[in-house]
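Here is the structure we will look at.
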Amino acid sequence: MGALHIVVCIKQVPDSAQIRVHPIYNTIMRQGVPTIINPYDLFALEAALQLRDQFGGAVTVLTMGPPMAEESLRKALAFGADRAVLLTDRAFAGSDTLATTFALASAVSKIGETWGTPDIVFCGKQTIDGDTAQVGPGIASRLELNQLTYVAKISKLDLEAGAIEVERRAEGGTQLLSTKLPALVTMLEGSNEMRRGSLACALAAAQAEITVWNAAAAGIEDLLNCGLKGSPTIVKKVFAPGAHTVRAQQIELQDRNADDIARDLLDQIFIRQPQVEADLMRMASGQ
Amino acid sequence: MSDAPRPAASRANTKKELPERFRNHRHVWVFVEYEHGRIHPVSLELIGEARKLADKLGVEVAGVLLGGSEPEMREAAAQASQFGADLNYIIADPILTDYRNQPYTKALTELVETYKPEILLLGATTLGRDLAGSVATTLRTGLTADCTELAIDDERSLAATRPTFGGSLLCTIHTLNFRPQMATVRPRVMAMPEADPSRVGRVVMHPLGMMEDDIVTKVMGFLADRESATAQLAYADIVVAGGLGLRSRENFQLVRDLAAVLGGEYGGSRPLVAKGWITADRQIGQTGKTIRPKLYIAAGISGAIQHRVGVEGADLIVAINIDPSAQIFDFAHLGVIGDAIEILPALTRAFQARLSVNRLAG
Ligand SMILES: Cc1cc2nc3c(=O)[nH]c(=O)nc-3n(C[C@H](O)[C@H](O)[C@H](O)COP(=O)(O)OP(=O)(O)OC[C@H]3O[C@@H](n4cnc5c(N)ncnc54)[C@H](O)[C@@H]3O)c2cc1C
Ligand SMILES: Nc1ncnc2c1ncn2[C@@H]1O[C@H](COP(=O)(O)O)[C@@H](O)[C@H]1O
């Protein structure tokens with residue numbers, strides 16, 4: 001087995017803490033909203049860099065997006081990634097998760113042909129804009145990679161044997177899994193902390209050559225699987241959550257002290273929810 | 001790009017033209033998540049929801065049970081039927097004892113290809129999301145994640161509504177021309193249906209057709225969580241939560257005190273996790289837990305949309321906030337405009353007094 005090769009899929013997303021919705025048209029107002037690397041993807045990138053530091057080899061970052069997504073690739077290079085691929089083509093516009101996984105899986109294959117088959121493909125747990133957590137599993141199915149999602153820790157990597165062991169977050173506990181490479185891993189948040197890139201990396205990143213592929217360059221011949229055409233889902237309607245028709249009934253303050261207000265509130269709670277009162281009284285009388 | 005609201009003109013008006021090969025897809029399925037000896041409650045919630053969709057369509061509800069032991073699966077199927085499933089497909093094979101993506105994906109896709117459902121619902125748990133993504137990709141069909149509302153439109157298609165951009169907007173997504181139409185829903189988003197102990201359903205057994213040697217991934221162990229705040233918070237009848245309005249970690253104790261007197265659980269808004277006042281499994285909202293308690297008390301929480309989507313299912317929402325224009329009063333049922341740091345301990349005292357009267361009387 002040759003040197004370790006890892007691909008990390010990152011997405012450039014609007015910093016949703018700063019997103020504003022147009023009050024009349026219910027559209028996202030993107031103007032002036034800064035973009036960031038999807039925060040969950042940084043856990044994946046850091047995990048990849050740690051493995052590379054330990055075993056040698058190279059980390060390739062991949063993103064699909066508009067030309068300006070190059071920015072997030074430069075950030076990843078500044079953190080220490082070795083090379084970056086931007087997959088960009090108007091044919092990808094409007095992709096849902098299925099079409100996104102088609103494009104990304106094709107690019108991962110092309111990366112494999114160009115720089116060596118990856119041993120591990122990393123994704124974040126989910127994005128903060130799409131928020132589906134499906135792109136990772138989708139890429140894994142398309143490329144027939146062994147799928148390890150919600151990974152909290154990579155406990156062992158044995159390149160000789162082509163084996164990997166991880167701790168995976170499952171319902172009600174942690175699953176210890178072992179599988180063979182190549183594998184697709186989605187990293188759980190909080191699994192590590194993103195390093196500060198070195199000054200040398202930052203300088204190199206600013207100058208670095210970024211590989212830009214359109215659909216054809218990524219080896220995609222059939223555009224029917226891409227973008228809107230390749231997306232089985234359709235967004236029919238976008239709307240703002242409605243307000244309740246009635247606002248909260250206010251407990252009158254009337255210059256009363258906190259204890260009087262609290263007793264009033266308690267009465268109102270019990271009037272509206274007799275079930276809660278009954279449950280509490282049963283609990284209090286020790287039944 | 002996925003699920004970002006697209007310019008509405010692009011495809012919102014696409015016509016439904018279901019290809020011939022999908023026309024005989026019928027019935028609403030729920031993947032019934034069974035692990036460590038029990039059905040995950042989200043699956044029962046989904047059976048309740050599936051029942052409504054199926055009744056609207058005039059079709060049946062089927063549960064899908066995958067696991068290691070046939071008797072256990074049959075018992076779980078009986079339970080699924082009490083909650084509303086007309087029939088259950090079971091694949092019982094030792095290979096399926098612990099969840100692993102590869103055999104579960106094979107089992108579920110094969111059932112879908114053989115029995116052809118029109119709708120397939122899964123819980124948005126770690127297991128459900130892991131499985132749904134693979135199955136949808138293998139079948140090349142659409143999947144809408146983390147839905148908050150499911151409905152059937154005039155053309156008998158599934159209208160799946162989900163929050164997008166962290167809840168700032170909602171969008172309704174259709175999988176018009178592919179089957180099955182797949183969706184995941186988070187625990188507690190849908191109400192738990194009533195069980196009817198007299199209801200029984202049919203069972204269809206199906207073979208897996210796989211050998212352990214075919215499977216590359218091995219489960220080497222499982223460490224159960226010691227304290228599962230996760231499950232307790234999501235399913236508690238009474239939840240008391242605090243936000244940044246409490247101003248300090250010390251003051252957060254007031255939230256815990258009230259929760260303790262009420263025999264409930266406590267939680268908080270997202271910024272408290274970052275500040276280290278609460279652990280991540282106690283965060284309530286879009287990126288935390290969805291709760292549906294009988295009583296929810298929110299103290300010093302502004303009521304941002306990301307918080308709101310996690311608590312809207314509560315029967316009674318009580319808000320304590322110093323700011324009369326706080327958003328939380330838009331969706332709370334009862335409000336107190338006041339200082340949470342004074343009101344919380346007073347409320348704890350009031351409940352204590354009322355409960356001790358009852359203790360003496362009882
Ligand atoms: C992608 C994304 C996901 C998110 N997910 C979640 C999530 O899952 N859950 C979540 O909660 N948030 C989430 N958020 C954050 C959310 O947008 C809000 O920022 C957050 O809920 C605000 O927390 P808060 O109400 O505690 O604080 P603030 O918004 O600062 O509100 C504090 C409130 O306390 C009131 N107050 C001040 N002093 C007092 C006092 N003495 N007594 C009573 N009231 C007082 C103030 O009037 C104010 O209304 C998310 C954000 C993003 C962008
Ligand atoms: N456009 C994209 N380019 C690169 N990676 C992506 C893209 N979209 C999603 N991903 C990866 O897939 C993960 C899950 O995304 P999602 O299914 O949208 O929640 C992300 O954390 C990324 O690692």
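Naming convention: chains lettered A, B, ... in sequence-line order (proteins, then strands); numbering from 1 in each chain.
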Under 4.5 Å to a heavy atom of chain B? For S178(A) that would be both
Looking at I238(B), T348(B), V336(B), which one has more heavy-atom pairs under 4.5 Å with chain A than the rest?
-> V336(B)
Using non-hydrogen atoms and a 4.5 Å limit, figure out which bit of I269(A) sits close to chain B: side chain, backbone, both or neither.
-> both
Most contacts with chain A, counted as non-hydrogen pairs under 4.5 angstrom, among T125(B), T217(B), D146(B) | T217(B)
State plainly whether the residues D131(A) and R162(B) are in salt-bridge range, i.e. N to O under 4.0 Å.
-> no
Answer key: most heavy-atom pairs under 4.5 Å with chain A among G221(B), A350(B), A304(B) is G221(B)
Contact class of Q12(A) relative to chain B, heavy atoms under 4.5 angstrom = neither
What pair of heavy atoms forms the shortest contact from P137(A) to R129(B), and how long is it?
-> CG-O, 4.4 Å
Ranked by heavy-atom pairs below 4.5 Å to chain A, first place among L344(B), I343(B), T105(B), L176(B) goes to L176(B)
Can you say whether E189(A) sits under 4.5 Å from chain B via the side chain, the backbone, both, or neither, judging by heavy atoms?
-> neither
Which is it for D153(B) and K237(A) under the salt bridge (charged side-chain N to carboxylate O under 4.0 Å, His left out) test, yes or no, and what are the steps along the way?
-> CA-CA 13 Å; D153(B) 75 358; K237(A) 198 166 85 180; over 6 Å; no
Taking only Lys NZ, Arg NE, NH1 and NH2, and the carboxylate oxygens of Asp or Glu, determine whether R169(A) and D130(B) approach each other closer than 4.0 Å.
-> no
Donor-acceptor pair, Q102(B) side chain versus N146(A) backbone, under 3.5 Å?
-> no
Okay, side chain of Q175(A), backbone of Y99(B): is any donor-acceptor separation there less than 3.5 Å?
-> yes
Using non-hydrogen atoms only, which part of Q275(A) is less than 4.5 Å away from chain B: side chain, backbone, both, or neither?
-> side chain
Using non-hydrogen atoms only, which part of A140(A) is less than 4.5 Å away from chain B: side chain, backbone, both, or neither?
-> neither
In short, C171(B) meets V235(A) closest at the heavy-atom pair CB-CG1, 4.1 Å
Taking all heavy atoms of L262(B) and all of L280(A), pick out the closest pair and write down the distance.
-> O-CD2, 3.6 Å
Minimum heavy-atom distance between L98(A) and A136(B), given as atom pair plus value | CD1-O, 4.1 Å
Given a strict heavy-atom distance threshold of 4.5 Å, which part of F270(A) is in contact with chain B: side chain, backbone, both, or neither?
-> side chain
Which bit of L177(A) comes within less than 4.5 Å of chain B, counting heavy atoms only: side chain, backbone, both or neither?
-> both
Which is it for K294(B) and D279(A) under the salt bridge (charged side-chain N to carboxylate O under 4.0 Å, His left out) test, yes or no, and what are the steps along the way?
-> CA-CA 10 Å; K294(B) 291 178 186 157; D279(A) 290 350; 2.9 Å; yes
Of the non-hydrogen atoms in G335(B) and A248(A), which two are nearest, and what is the gap between them?
-> N-CB, 4.0 Å
